[in-house]
Structure formats: structure tokens, C-alpha cells
Amino acid sequence: MKKWTTAKIRAAKGNQKLACLTAYDFTLAGIADAAGAPLILVGDSLGMTTLGYSTTLPVTMEDMLHHTAAVARGAVDALVVADMPFLSYQISTGEAIRNAGRFLQEAGADAVKIEGGVIRRACVKALTNNGIPVLGHIGLLPQSVNQLGGFKVQGRSREAVDRLLEDTAALTEAGVFAIVLECVPPDIAGLITAATEVPVIGIGSGAACDGQILVMNDILGLGDKPPARFVRQYLNLHSLIREAFGKYIDEVKSGSYPTADHSYAATAKMPPE
Ligand code: KIV
């Protein structure tokens with residue numbers, strides 16, 4: 001498989017469903033890439049999956065640059081998208097261009113993601129006009145969790161659906177190459193998907209979208225709590241890893257590890273004492 005570009009992602013609409021994943025490190029990005037994920041998002045969900053925060057709000061540019069660079073080193077064919085953290089693109093278009101540019105220049109990302117619709121029109125235009133491809137993100141916006149009053153399903157009233165359609169039109173016109181649509185009912189996701197020429201990549205938004213994206217830790221069952229209703233957990237790594245760590249600790253304590261098989265042969269006989 002050749003390298004995924006933003007043009008290939010756009011061209012997938014109507015032809016091929018896009019199964020995308022998040023990743024935060026070199027090793028798992030490499031596995032996602034080898035499995036055929038067309039797009040790997042270094043999500044600011046990093047805050048929860050990897051850094052132990054309860055929201056994405058404390059995640060910094062330096063955190064995101066560090067992890068994006070690791071993912072970019074692991075991903076060969078996938079398009080690597082860096083999530084711009086809270087306050088890195090909201091203050092001015094100048095700051096947005098400078099910060100987004102750092103992801104491409106210093107971390108090896110192919111594109112960036114920002115949250116918001118109509119309100120981000122100027123920002124998306126400024127980035128794309130300066131050669132920085134943008135993945136939009138509408139619906140549930142985790143960086144606005146305090147304003148939204150929690151991690152809630154969006155698009156449940158006529159006005160909310162109209163706003164989502166306006167957001168979709170604004171982002172499409174501003175030049176995004178695809179849009180993440182988070183946590184809206186499936187019929188509304190269908191309307192939004194039909195309303196734009198760019199792929200709509202759903203998370204918790206049903207099957208009508210042009211693709212899906214899930215947080216890698218959720219599908220692998222790495223967390224200690226059951227994931228959200230919309231996640232299909234393909235493995236329970238949490239219990240497998242806990243079991244493996246437990247066995248290792250027991251074997252070191254009992255002396256059954258290491259054995260001679262795990263030790264190096266001496267190259268020379270030790271002199272007698
Ligand atoms: O931060 C993230 O991982 C995301 C995805 C859930 C789309 O924004």
C-alpha cells in the first residue's frame with residue numbers, strides 16, 4: 001500500500017469506508033499502520049489515555065509534539081494527523097498557523113485537526129492557504145466540555161441539527177479534507193454525511209458516515225473501566241497485561257524466573273578462589 005494523502009482520503013468518499021485509529025506512540029502507530037489504517041490521529045485524548053488527566057484541556061503543544069513525532073516515526077503509509085490542543089489555535093490565526101506549522105515542521109505530521117465549525121472558518125482558510133491540511137471536528141467537542149455541560153450526545157434538537165449542517169458547510173467551504181463527527185444520532189450523521197463532498201469520519205455517530213475513528217485504547221480494552229456504548233472492544237488487554245505482570249512478579253519472587261535459559265554463558269572460566 002502506498003502512502004495515504006489527503007487527496008486519497010477525500011477520494012475515498014463513496015468508494016471505500018475509512019477505518020481510522022488514534023495512536024500515541026511509535027510501537028502502536030506502527031501496528032495500526034501495518035494493519036492498514038489509512039489515517040492515524042494523534043488525538044489530544046492523549047490527555048486521558050496516556051497522561052492521566054480527566055479531560056483533554058491540560059494537554060500542551062509540547063505534549064502533542066512529542067507524541068506526534070513518535071507516531072510519525074512509526075507510521076509508514078497512514079496519514080498522520082496531529083490534534084491541536086486547547087488554546088493552540090483559538091487565540092489568533094497567526095498563532096494557529098505557527099502552532100500548526102510546528103506539527104508539520106518539527107513532528108512530521110501530515111495534517112492537523114481542530115475542533116469547531118462556523119467559528120473556525122477563518123482559521124481553516126488561513127491554515128489551508130498556507131499549505132497545512134486540516135481535518136475538521138464537529139458534534140461533541142471535548143475541548144468545550146465545560147461549555148457543553150459534559151460529554152453528551154449532540155444534535156438532538158432541530159436548532160442543533162441546523163447548526164451542525166451550517167458547521168459542515170462552513171468547514172467544507174473553508175477547505176477541510178475530511179470532518180470528524182463525534183456523538184450525534186445516526187440519522188443526523190446520515191444527513192451531515194450526505195451534505196458534504198468531503199468524507200465524514202464518525203465516532204459514536206453510527207454507520208452512515210464515510211468512515212469511523214476510535215480511540216485505540218478503547219478497542220484494545222486497555223482501560224480499567226468499560227468503554228462508551230459506541231465502542232466495540234476487540235481485546236481485553238487490561239486483564240491480559242495484568243495477568244502477565246502478575247505472573248512475572250510471582251515467578252521472580254518464587255525464583256522460577258530467570259532460569260539458565262535466560263542467562264548468558266560465561267566466556268571464560270572464573271579463576272578458582
Ligand atoms: O482526541 C481524540 O482522540 C479525538 C478523537 C476521539 C476523534 O478527537
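Each ligand, and each atom within it, is numbered from 1 in the order the structure gives.
To the nearest 0.5 Å, atom CD1 of residue Ile192 and atom OG1 of residue Thr168 are 4.5 Å apart. Between Leu21 atom CG and Gln212 atom CD the span is 11.0 Å, to the nearest 0.5 Å.
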Tabulate distances under 3.5 Å between N/O atoms of ligand 1 and N/O atoms of the protein, writing both atom names on each line.
| residue | atom | partner | partner atom | Å |
| --- | --- | --- | --- | --- |
| ligand 1 | 1 (O) | Asp44 | N | 3.2 |
| ligand 1 | 1 (O) | Asp44 | OD1 | 3.0 |
| ligand 1 | 1 (O) | Ser45 | N | 3.0 |
| ligand 1 | 1 (O) | Ser45 | OG | 3.3 |
| ligand 1 | 1 (O) | Asp83 | OD2 | 3.1 |
| ligand 1 | 3 (O) | Ser45 | OG | 2.5 |
| ligand 1 | 8 (O) | Lys113 | NZ | 3.1 |

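For His262 (side chain) and Thr259 (main-chain N/O), a donor-acceptor pair under 3.5 Å exists by modelled atom type.
Between Glu115 and Arg120 no salt bridge is recorded (no basic side-chain N to carboxylate O distance below 4.0 Å).
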Working note: Asp167 + Arg163, criterion salt bridge (Lys or Arg N to Asp or Glu O under 4.0 Å); need CA distance, chi angles, decisive distance, verdict.
CA-CA 6 Å; Asp167 288 338; Arg163 274 200 304 277; over 6 Å; no
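Of the residues Asp110, Asp77, Asp33, the one that meets the salt bridge (charged side-chain N to carboxylate O under 4.0 Å, His left out) test with Lys3 is Asp110.
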